Structures are given as structure tokens and as C-alpha cells.
Protein chains: 2
Amino acid sequence: MVTLREVAERAGVSIKTVSRIVNGDPAVNAKTRIAVQHHLESLNYVPNHAARMMRGGSSSVFGFMTDAVATTPYSVDIVRGAQAALNEKNQTLLIANTDGDEKLEKEYWRMFRAHRVAGVIYASMFHRPHIVGQPDFKDPIVLANCFAALGDKPSLIPDDEGGGYAQAEYLLKLGHRRIGVLTLIPDIVATTLRGAGIRQAFRDAGLSFDESLEQRGMDGPVHFERMIAFDAAVKMLSAKDRPSAIICGNDQVALQVYSAAAHLDLHIPRDLSVIGFDDQKVISENLRPSLTTVALPYFEIGRQAVETMREAKQNDANWAPKILVPCPVVERESCCAIS
Amino acid sequence: MVTLREVAERAGVSIKTVSRIVNGDPAVNAKTRIAVQHHLESLNYVPNHAARMMRGGSSSVFGFMTDAVATTPYSVDIVRGAQAALNEKNQTLLIANTDGDEKLEKEYWRMFRAHRVAGVIYASMFHRPHIVGQPDFKDPIVLANCFAALGDKPSLIPDDEGGGYAQAEYLLKLGHRRIGVLTLIPDIVATTLRGAGIRQAFRDAGLSFDESLEQRGMDGPVHFERMIAFDAAVKMLSAKDRPSAIICGNDQVALQVYSAAAHLDLHIPRDLSVIGFDDQKVISENLRPSLTTVALPYFEIGRQAVETMREAKQNDANWAPKILVPCPVVERESCCAIS
DNA sequence: ATGAAAGCGCTAACAA
DNA sequence: TTGTTAGCGCTTTCAT
């Protein structure tokens with residue numbers, strides 16, 4: 001690899017002069033600059049990041065720790081968002097995927113420290129509280145898609161309550177009144193918040209929410225709701241006073257509602273409106289009719305996590321806002337107005 | 001951050017002795033080792049990766065370049081597989097996501113060089129030829145899910161032909177003879193290879209393949225096939241001599257076939273068997289009935305890419321095998337035997 | 001078995 | 001405007 005010294009020798013100047021030019025220091029003669037720049041390019045010089053760091057300079061590398069698992073692929077967009085924001089300043093991500101393994105997580109924290117990362121984004125695959133366990137880690141830690149159980153770290157989370165509100169509001173505006181709800185498993189944050197949002201939308205519309213039309217996901221592991229969504233939907237839609245619309249806990253549940261509707265010969269959206277959550281495009285764009293849903297703003301969460309990280313560097317260690325990122329309705333074809 | 005010197009001072013030994021212990025050099029007195037190790041832990045010493053690299057040592061960091069886009073989320077599994085393999089040797093990934101932007105890709109190559117990465121895995125989101133454009137990059141480059149157009153780099157690719165073969169073979173063994181095929185867009189490698197595999201399976205079974213039952217995806221951008229799959233499926237299934245089974249170009253196409261079947265009141269699998277490709281779990285596990293499909297071995301591709309990288313370091317620069325990774329059938333509920 | 005010294009490539013501080 | 005010197009934290013080489 002080409003070093004500063006080699007370039008300096010070729011150009012017949014000192015190392016420091018070359019260093020100045022590489023770093024855009026204005027205090028260099030224009031002629032020298034051009035001459036040196038020529039050599040820089042022809043030798044294809046690239047500064048050695050390790051050497052730069054040695055001089056106490058902070059790293060341009062951030063750590064990204066995630067518990068991603070095979071079944072929740074969309075959260076990659078958090079990475080994409082983070083990288084989009086980092087790229088503007090030539091910063092990069094060192095990625096650590098724990099698959100939920102705590103021992104692995106410890107190793108990765110060690111690795112982050114070995115690399116003297118400038119900060120860490122800790123991203124979870126679903127919205128939940130988390131205790132980030134690195135008491136002696138001095139650089140900022142920002143949580144993405146999860147929040148600090150102790151409230152001691154800044155975090156970016158989807159506005160699930162607003163998303164639930166948006167689902168209900170959207171259907172109410174289309175004139176629906178009997179609205180079924182198929183929730184995710186009850187023990188997660190999203191379920192509670194979205195449920196609260198739905199109820200608030202009914203209140204704001206001056207209507208009362210019929211609790212009997214809510215079918216809660218059974219207790220069980222994450223994604224367990226899909227074991228029962230189909231049956232729940234069939235039951236709900238077989239009733240005499242069946243709902244004219246269904247709010248789904250996520251797009252996978254919506255997929256099962258589609259199956260249930262087909263099973264019962266109900267046409268979507270003519271006989272039944274369906275609204276999902278997450279906007280998993282693999283599902284939402286491919287269902288026929290395509291699925292109106294509420295997007296989880298993963299990309300935006302990633303982008304803002306980086307911005308928040310930068311702010312955290314300016315603020316003291318107690319700065320720990322919990323930032324809600326809106327979940328917008330993505331309108332497609334699965335809902336229609338009723339008269 | 002704690003340095004070797006601080007530990008050495010506390011322990012009352014030289015820097016070098018501590019260094020030896022950190023690096024597992026056996027040539028140290030057992031007593032000294034224990035004493036020093038105590039301080040190492042209590043001070044929570046972590047070696048400075050940048051400093052280590054300065055002494056010419058090769059980096060434990062690999063570059064991972066990908067063109068991932070929002071609509072193809074599953075390829076993250078390549079990253080997960082690569083990390084699983086790297087983790088055993090305490091190596092890590094610096095991730096660069098180009099979203100297909102060539103200017104960005106150039107910047108990232110520069111960044112990889114700045115970090116003196118030990119090698120680069122170049123992963124594409126769909127199986128295709130690729131020209132990796134870094135003439136002066138000396139460390140090994142391994143392609144994952146794509147292959148070198150010039151045949152000059154090792155690559156790991158899914159065995160699409162074997163996958164197509166497996167789709168057809170599976171249905172033939174269940175007794176199906178009239179088998180429809182809905183392909184992806186024609187211009188991509190996967191379409192050609194899978195088509196060849198399907199035909200080979202028919203030949204091996206001593207049967208002839210009815211070309212009229214193949215509906216090719218229209219020309220257009222990637223994913224364009226889903227614009228027409230629903231209509232194509234309806235047309236195919238409305239014919240008098242409709243097929244008893246359909247082979248789909250991917251799971252998204254299969255999803256549309258499900259919609260088409262529902263539309264025509266055909267019950268899956270009783271009236272129609274469906275087999276997908278990709279095993280996108282968000283779809284395959286949630287459809288009712290769940291979808292029998294052929295898995296794209298992304299995790300395995302990532303894992304083997306790392307192994308191949310290690311081999312490449314042993315071999316000379318001309319070593320460039322093209323390694324096929326099998327695509328196994330994942331049996332679920334969407335196919336059944338016919339009498 | 002242990003230590004002292006040199007130097008990796010760069011930048012900060014100072015000098016010319 | 002340009003150059004010199006020192007030193008970041010570590011490993012390598014050579015001594016002891």
C-alpha cells in the first residue's frame with residue numbers, strides 16, 4: 001500500500017505537505033497542491049485508517065448491533081437508512097448480528113471497543129424495551145426500534161399508537177362502523193400501543209369501540225399469532241353480523257385474512273376491507289388486491305438514529321429522548337368505502 | 001481506554017510481557033501470567049485494533065459490499081451466514097450497501113482500502129454475472145449470489161438449475177403430468193437455469209414437457225413478472241385442460257397463483273398443487289395452505305463465501321471456482337398427489 | 001522467561 | 001508556506 005512518504009518522495013516535498021493536501025488544509029501553495037495531487041492520484045493513495053486513529057482521532061466507524069433473525073427480514077432497512085445518513089460524512093458501519101445470543105453480544109461489544117467505534121446503534125427486530133448492558137462503554141449508544149428499559153439512552157421507535165390510530169381512522173372515514181381487529185400476541189409493546197391508538201380514533205370520531213370484535217393473538221412466542229389468525233378470521237367472518245372491515249396486527253395476519261375471505265367466498269374489498277401493518281412489500285405489493293397497510297418506518301428510523309447519534313455527541317450522557325417516528329398509511333386496493 | 005502500558009505498570013512487568021499474555025504466547029511464567037491476567041480483567045483491557053494493524057498485521061475485518069434494495073430483503077441471510085463463519089475466528093464485517101449506485105460503490109472500495117480489509121465479499125441480490133471493478137485491489141474478492149463475468153473470481157451461486165429440477169421432480173413424483181410454469185422475467189440467469197432444470201426432470205422421467213403450458217414473465221425490470229402473474233395464472237387455470245399443478249418462478253408469483261385460484265374457486269392443494277421458489281418465509285409460512293417451495297440457500301452462501309475467502313488466501317490469484325450451493329425443496333402443504 | 005528499542009503511517013505542535 | 005519532531009499502542013527483533 002502506498003504511504004504518505006512514498007508520495008512525498010515522488011513529489012519532492014515533505015510528508016507533512018502531502019498530509020496537508022490530503023486533508024484539505026488551505027495553507028498550501030496552489031502549485032504544490034496540484035503537483036502533489038497528481039502523484040496522489042497516479043499512485044492511488046488511500047490514507048491508512050488505522051494510522052489515523054492512532055493519533056487519538058475518533059473513528060469514522062460506528063457499531064451496529066442487531067438481534068435480527070431470519071424471519072424478520074425487513075429490518076435491514078434500518079441498516080440502509082443508517083448507511084444513507086453515514087455515507088454523507090464518509091462514515092461506516094461495523095455490523096454485529098447476535099441472533100439474540102447474549103454471549104455473542106458480549107463478544108461483539110468487546111470487538112466494538114477494540115475498534116474504538118465512535119458510537120453504537122443498537123437495533124431490535126421488534127419494538128420492545130431493552131437493557132443495553134455496557135456500563136463502561138463511553139461513546140454514545142442509540143437504540144433503534146427499541147427503547148432503554150431504564151430510560152437512560154436516546155431511542156428511535158415507530159409511533160405504533162399513531163399507526164393504530166391511522167388504521168382505524170382510515171376505515172372510519174370510509175364509513176366502516178363494524179370493524180374487526182386481529183391483534184398480534186398480547187405481550188408486546190406494539191399490541192398495546194396500537195390497540196390504544198385504535199380506541200382513541202373511535203373516541204375522536206364520537207363512536208364506541210366494540211370490544212367483542214377484537215380477537216387478541218394468543219399468548220405465545222413472537223409470530224405465534226399467525227398460528228391462529230386464519231381460524232380467528234374465519235370465525236369472525238362467519239358470524240351473522242360480521243365486520244365490514246378488519247384491522248390486522250401485521251401484513252402476515254392480513255395474508256391469512258385474505259385466505260379466510262377466499263375460503264368464505266368474500267370478495268376483497270367489495271365484501272370486506274382489510275388494512276395491514278408493517279408494509280412488508282413482499283406481501284403487500286403482491287396480494288391481489290394489493291394491501292392497504294401502515295408502514296413501519298425502518299429506513300427513517302435508521303437514518304434518524306445516526307442523526308441522533310451525532311446529537312448525542314454534543315449533549316451530555318443523560319440526554320435520552322424517546323423519539324417517535326410516524327407510521328404512515330400506504331394506500332393500495334384492499335379497502336373501499338361503504339354506503 | 002486502557003493500554004498495555006497501564007496494565008504493565010500496575011502489574012509491575014514490562015509492556016512486552018503483557019503483550020505476550022494477551023496474545024497467548026506460552027513463553028511466560030505461570031505465576032506472572034496469572035498476576036497479569038488479573039489486572040487485564042480488572043482494568044477491562046481490550047487491545048486497540050488500529051495499533052495492531054499498524055505493524056503490517058493483516059486486518060481481521062472483511063468488507064461486505066452489496067447492492068441490496070428494499071424489495072429484496074431476504075438476502076440479509078447472506079450477511080448472517082458470513083458472520084456466523086467469521087465469528088468463530090473473531091473476524092468482522094464492514095458493510096457497504098450501494099443500492100446499485102456505482103459512484104457509491106467506488107467510494108466504498110476506497111473505504112475498504114482505507115481500512116485495509118483482509119478481503120471483500122461482493123454480494124448481489126439476485127443471481128447474475130458481475131464485473132467487479134477494482135483492478136488494483138490485491139486482497140481476495142469472493143462473489144456471493146453472483147459470479148464474475150470474466151470468470152476471474154471465485155463465486156458462490158445458488159444451484160438454480162438443480163432447484164428447477166427439484167420443483168419438477170417433486171411434482172412428477174406426486175403423479176402430476178400437466179404442469180404449468182410461470183417463469184420470472186426472461187432476461188435473468190435464474191429463469192434460464194431453472195427452465196433447463198425443469199426440462200431435464202421431464203426428460204429423466206421419460207416424459208415430454210408441454211411448452212404451451214409455460215407462461216414466461218414479460219420483459220421488463222426485475223419483479224415485473226408480478227405485474228402479470230395473476231392474469232397469466234387466471235388464464236392458465238381457466239382453460240379446459242388446465243394444469244393440475246403450477247411451478248412458480250418465485251414465492252411472490254405463487255402468492256398470486258393463490259389469489260387466482262381463490263378467484264376461480266379452485267382449492268389448493270385439492271384442485272391445484274403449487275410449488276414456489278425462494279422460500280420467503282413471510283409468504284411461504286403464512287399462506288394457507290402453507291407453501292411448498294424451493295429454498296434459496298442464502299445463509300449457506302454467506303457461510304461458504306467466508307470459507308472460500310480463506311481458501312482464496314492460500315491459493316493464487318487465478319483460483320476462481322464457481323461453486324454451486326444446492327436449493328432444497330421445503331415441503332409444506334400446497335402440493336398433493338393425484339391419482 | 002523477560003525486557004529495551006525500533007518502527008508501523010499518520011497528525012499535532014512547533015519551528016523555520 | 002513548508003518542514004521537523006515526537007508520539008499514538010502495539011508487535012517484532014534482538015538482547016539479557
Side-chain angles (χ1 to χ4, degrees), chain A residues 1-40 43-61 90 110-118 138-139, chain B residues 1-37 39-40 43-61 90 110-118 138:
Chain A
M1 283 275 112
V2 182
T3 67
L4 274 190
R5 207 180 55 190
E6 280 175 69
V7 179
E9 275 167 15
R10 295 249 192 160
V13 295
S14 80
I15 290 180
K16 183 60 203 175
T17 301
V18 182
S19 169
R20 283 203 177 90
I21 289 158
V22 169
N23 292 290
D25 187 328
V28 272
N29 183 297
K31 245 186 226 163
T32 330
R33 158 168 286 123
I34 290 170
V36 171
Q37 227 142 24
H38 171 73
H39 286 97
L40 244 19
L43 292 172
N44 199 3
Y45 171 80
V46 179
N48 184 325
H49 179 258
R52 279 184 157 172
M53 284 221 18
M54 297 273 307
R55 290 304 300 150
S58 93
S59 173
S60 62
V61 177
N90 273 297
R110 205 182 145 79
M111 182 271 283
F112 283 163
R113 300 185 60 198
H115 284 273
R116 306 298 191 260
V117 295
K138 292 290 178 295
D139 295 295
Chain B
M1 283 274 112
V2 182
T3 67
L4 274 190
R5 208 182 54 191
E6 280 176 68
V7 180
E9 275 166 13
R10 295 248 192 160
V13 294
S14 78
I15 289 180
K16 181 60 207 175
T17 302
V18 183
S19 168
R20 283 201 176 91
I21 288 158
V22 168
N23 292 290
D25 186 330
V28 272
N29 184 297
K31 242 187 230 165
T32 329
R33 158 168 285 122
I34 290 169
V36 172
Q37 227 142 23
H39 286 97
L40 243 20
L43 291 172
N44 198 3
Y45 171 80
V46 179
N48 184 326
H49 179 259
R52 278 183 156 172
M53 285 220 17
M54 297 270 310
R55 292 303 300 156
S58 93
S59 173
S60 62
V61 177
N90 273 298
R110 208 182 143 81
M111 182 270 283
F112 284 162
R113 299 186 61 200
H115 284 273
R116 305 299 191 261
V117 295
K138 290 293 179 294

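All values derive from a computational prediction rather than experimental measurement. Protein chains get the first letters and strands the later ones, always in sequence-line order, with residue 1 at the start of each.
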(message) I need the CG-P distance between Asn48(B) and dG9(C), as an integer number of Å.
(response) 16 Å
(message) Checking side-chain polar atoms at under 3.5 Å, does Asn44(B) have a donor or acceptor matched by the opposite partner on Arg110(A)?
(response) no
(request) Give a yes or no answer on whether the side chain of His38(A) reaches the backbone of Ile34(A) with a donor-acceptor pair at less than 3.5 Å. (result) no
(message) Is Ser19(B) close enough to dC10(D) that one of its side-chain N or O atoms is under 4.0 Å from OP1 or OP2 there?
(response) no
(request) Using side chain to side chain donor-acceptor pair (under 3.5 Å) as the criterion, list what pairs up with Asn90(A), not counting sequence neighbours. (result) none
(request) Compare all side-chain heavy atoms of Pro47(A) with those of Arg52(A) and state whether any distance is below 4.5 angstrom. (result) yes
(message) How long is the straight-line distance from OH of Tyr45(B) back to OG1 of Thr3(B), given to the nearest 0.5 Å?
(response) 7.5 Å
(message) So, taking the atom named CE in Met54(B) and the one named NE2 in His49(B), what distance separates them when rounded to the nearest 0.5 Å?
(response) 12.5 Å
(request) Take the protein atom NE2 of His115(A) and the nucleotide atom P of dC10(D), then report the distance between them rounded to whole Å. (result) 14 Å
I'd like a list of close polar pairs between nucleotides 6-8 of chain D and the protein, N/O only, cut-off under 3.5 Å.
{"from": "dG7(D)", "atom 1": "N2", "to": "Arg55(A)", "atom 2": "NE", "distance (Å)": "3.3"}
{"from": "dC8(D)", "atom 1": "O4'", "to": "Arg55(A)", "atom 2": "NH1", "distance (Å)": "3.1"}

(request) Calculate the interatomic distance between Asp25(B) atom CG and dT13(D) atom P; express it in whole Å. (result) 13 Å
Can you pull every protein N or O that's under 3.5 Å from an N or O on nucleotides 1-4 of chain C?
{"from": "dT2(C)", "atom 1": "OP1", "to": "Thr32(B)", "atom 2": "OG1", "distance (Å)": "2.7"}
{"from": "dT2(C)", "atom 1": "OP2", "to": "Asn29(B)", "atom 2": "N", "distance (Å)": "2.7"}
{"from": "dT2(C)", "atom 1": "O4", "to": "Arg20(B)", "atom 2": "NH2", "distance (Å)": "3.3"}
{"from": "dG3(C)", "atom 1": "OP2", "to": "Ser14(B)", "atom 2": "N", "distance (Å)": "2.8"}
{"from": "dG3(C)", "atom 1": "OP2", "to": "Ser14(B)", "atom 2": "OG", "distance (Å)": "2.9"}
{"from": "dG3(C)", "atom 1": "OP2", "to": "Thr17(B)", "atom 2": "OG1", "distance (Å)": "2.5"}
{"from": "dG3(C)", "atom 1": "N7", "to": "Arg20(B)", "atom 2": "NH1", "distance (Å)": "3.4"}
{"from": "dG3(C)", "atom 1": "O6", "to": "Arg20(B)", "atom 2": "NH2", "distance (Å)": "2.8"}

(message) Main chain of Ser19(A), side chain of Asn23(A): is a donor-acceptor contact present, judged purely on distance under 3.5 Å?
(response) yes
(request) Quickly work out the Arg113(B) CZ to dG9(C) P distance and round it to whole Å. (result) 14 Å
(request) Take atom CE of Met53(B) and atom C1' of dT12(D), then tell me their distance rounded to the nearest Å. (result) 16 Å
(request) Please determine if a side-chain N or O atom of Arg52(A) lies less than 4.0 Å away from the OP1 or OP2 oxygen of dC10(C). (result) no
(request) State whether the number of non-hydrogen atoms from other residues, nucleotides or ligands found under 6.0 Å of Arg10(B) atom CZ is greater than 12. (result) no
(message) Does either side chain, that of Arg113(A) or that of Asn48(B), offer a donor lying less than 3.5 Å from an acceptor on the other one?
(response) no
(request) Take the protein atom CG of Asn23(A) and the nucleotide atom P of dA12(C), then report the distance between them rounded to whole Å. (result) 8 Å
